[in-house]
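Everything on this sheet refers to the single structure shown next.
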There are 2 protein chains.
Amino acid sequence: MPQKRPVQIMEAALGVFARRGFSAATLDEIAGRAGVTKGTIYRYFSGKETLFIETLRWKIGGAIGELDMPEGQESAETLVERVVRSALSLFHEREFLSVVALLVGEANRFPTVAKRYYRDVILVMNRTIAQAVSVLAERGKLRADLDPLIAGRALVGMVLVFGLSQELLRGKEILPISERDIARTVISLALDGLRGRESRAGR
Amino acid sequence: MPQKRPVQIMEAALGVFARRGFSAATLDEIAGRAGVTKGTIYRYFSGKETLFIETLRWKIGGAIGELDMPEGQESAETLVERVVRSALSLFHEREFLSVVALLVGEANRFPTVAKRYYRDVILVMNRTIAQAVSVLAERGKLRADLDPLIAGRALVGMVLVFGLSQELLRGKEILPISERDIARTVISLALDGLRGRESRAGR
DNA sequence: TGCAAATAACTGACCAGTCAGTTATTTAGT
DNA sequence: ACTAAATAACTGACTGGTCAGTTATTTGCA
C-alpha cells in the first residue's frame, strides 16, 4: 500500500475546500479530517496552494474515466436520453456539483486549474458527445446542419442549470422540480425543440 | 444627493468580492477602491458579512428591472431569438458573470443570499420567459406538452454553460467558439431540436 | 464653536508555514 | 532471530504576517 497518506489528505482536502472555498479552508481542519496534524501535510505537499492544485488535479484525473460512452448502433432517442440522464445524475451528486462550484468560485484565483478542468473534463466529455451526435447525423438520424460540439455542450447546459439553480442555490427549497420532469422536458426539447415534430409519429 | 457613500462602497465591494471571493476580499482593498478608509465602511455597514449581503441584495434588486420582456404579438422565432441573444450578452458581461460565479462559490456559506437570488432573479426571469412561451403555446405557435418553466430555464441553461465554460473557466483560450455560432446553434436547437423540422418550410 | 464624518493608528484573533523533538518503521550486522 | 543503528513519519508548540474590527484623533462644514 504505497503512499496512502497523500490520497487520505487529498480526500479530506476536497471536502473542506468544497465546503469552505480555498481561502476559508484551514489546514488544521483538513488535517483533522484526515486524522493527522498540520505538519504532516507539509511532508507531502509544499503548501496550501499546492495541496489545492494537486487535489483538483487528482480529482479531475479520476473523473475522466467515469464517462465511457460507446456509441454503437444506438438510436438518436437512446443517445439523448442517456446523455441527459447521466448528466442529470452527475449534477445531482453533491460532490461533483461541489467541485464544479469550487472551480467556478476559484477560477479567477486559479486560472490554470480552471483551464485544466476545461481541457481534461469538459472538452473530453463534450467531444465524446459530439462524436456520437456526428455519427447519428451521418446516418441521417439527426440533422447535420448544427455544430455537434456546440449542440452537445448546449445539451449538457440544459441539465447543468438545474443542478446549479435547484441544488446549489437551494432553489428546490423554494420551488421543487422533480428530476423526472426535468429529464422528460429536456429530452423532448433536445430532440424536437419548442416547435415539436410536425408528425407526432411513434412514442 | 443623500447617502451616496453606501452605494460608492457597495460598488467597490462588488468588484472586490467578485474578483477575490468573500474570504479573500479585504476591507482595506474595498475601502481603497471606494476612495475611503476602512473605518468609514463601519459608519455604514456593521461588518464584512453585512456588507457582502447588503451589496448583493442591492445588486440583485437592481437586476430585476433590467429584463423587461413584453410578449406582445411576437412570433416564436422572435421570442426565442430575443431570449437567447439577451442571455448571451448577459452571460458575457464580465460583471454579471462574476456575480453568478460569486453566488455559486459562496452558496454554501450564504445559503440565504443564494436563495434570495434564486427567488428574486432566477425565478422572476424564468417566469417571464415561461409566460411568453405559454402564450405562444396557447396560440398554437409552440407545442403545449412541455412545462414552460422547465423549458424556459433549460433554454437559459444552454447559454449559461457557454458563459461558464468559455469565459469564466477561460475555455476560449483553448478552443474559441464565436458568439454567432453559439447563438445560431442554440436558437435552432431550441426551436427544432436535434431532429430538425420534418418540413423545412420557410426560413 | 460644535459635531458628524472620516482617518489613522492600534489590537487581538487567526492561521500558514516552520522546526525541534518524538515515535514508528526499516535496515543491517551478528 | 535479535537488536542496535539509521531513517522516515509524524507531532505540536511556536512565529510572523494578515486582517476584521475598535478607538483615538483630525478634518471640515454649518
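Below, chains carry the letters A, B, ... as their sequence lines are ordered, and counting in each starts from 1. Not measured: the values here are computed from a predicted model.
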**Q.** Non-neighbouring partners of Phe17(A) that pass ring pair (Phe, Tyr, Trp, His ring centres under 6.0 Å), sequence neighbours left out
**A.** Phe22(A), Phe52(A)
Please report, to 0.1 Å, the donor-acceptor pairs under 3.5 Å made by any side chain of residues 163-171 of chain A, with sequence neighbours excluded.
unit_1	atom_1	unit_2	atom_2	d
Ser165(A)	OG	Val161(A)	O	2.7
Ser165(A)	OG	Arg153(B)	NH1	3.0
Gln166(A)	OE1	Tyr118(B)	OH	2.5
Gln166(A)	OE1	Arg153(B)	NH1	2.6
Gln166(A)	NE2	Leu175(A)	O	2.8
Glu167(A)	OE1	Lys172(A)	NZ	2.9
Glu167(A)	OE2	His92(A)	NE2	3.4

Q: With sequence neighbours left out, write down each residue that passes salt bridge (charged side-chain N to carboxylate O under 4.0 Å, His left out) with Asp181(A), or none if nothing qualifies.
A: Arg184(A)
At a cut-off of 3.5 Å, list every protein nitrogen or oxygen paired with a nitrogen or oxygen from nucleotides 21-27 of chain C, distance to 0.1 Å.
none

Q: Apply side chain to side chain contact (heavy atoms under 4.5 Å, CB included) to Ala18(A) and list each qualifying residue two or more places apart in sequence or on a separate chain.
A: Ser98(A)
Q) Rounding to a whole Å, what distance do you find between Ile41(A):CD1 and dT18(C):C1'? A) 14 Å
Q. In chain order, what residues pass the side chain to side chain donor-acceptor pair (under 3.5 Å) check against Thr50(A), with sequence neighbours excluded?
A. Ser46(A)
Dump every N/O contact between nucleotides 26-30 of chain D and the protein below 3.5 Å, one line per pair.
none

Q: Mind checking salt bridge (charged side-chain N to carboxylate O under 4.0 Å, His left out) for Arg85(A) and listing every partner two or more places apart, or none if nothing turns up?
A: Glu81(A)
Q. To the nearest angstrom, how far is Ile30(A) atom CD1 from dC15(C) atom C1'?
A. 12 Å
**Q.** Contacts of type side chain to side chain contact (heavy atoms under 4.5 Å, CB included), residue Arg57(B), not counting sequence neighbours
**A.** Glu54(B), Arg116(B)
Q) In chain order, what residues pass the ring pair (Phe, Tyr, Trp, His ring centres under 6.0 Å) check against Phe45(B), with sequence neighbours excluded? A) none
Q | Under 4.0 Å protein heavy-atom contacts per nucleotide of nucleotides 12-20 of chain D, with B for base, S for backbone only and - for none | A | B------SB
Q | Protein-nucleotide distance (Glu29(A), atom CD; dA16(C), atom C1'), rounded to Å | A | 15 Å
(Q) Treating Asn126(A) as the side-chain partner and Leu149(A) as the backbone partner, does any N or O pair qualify as donor plus acceptor under 3.5 Å? (A) yes
Q. Under the side chain to side chain contact (heavy atoms under 4.5 Å, CB included) test, which residues partner Ser89(B), sequence neighbours left out?
A. none
Q | Euclidean distance, atom CZ of residue Phe45(A) to atom C1' of dA16(C) [Å, nearest integer] | A | 16 Å
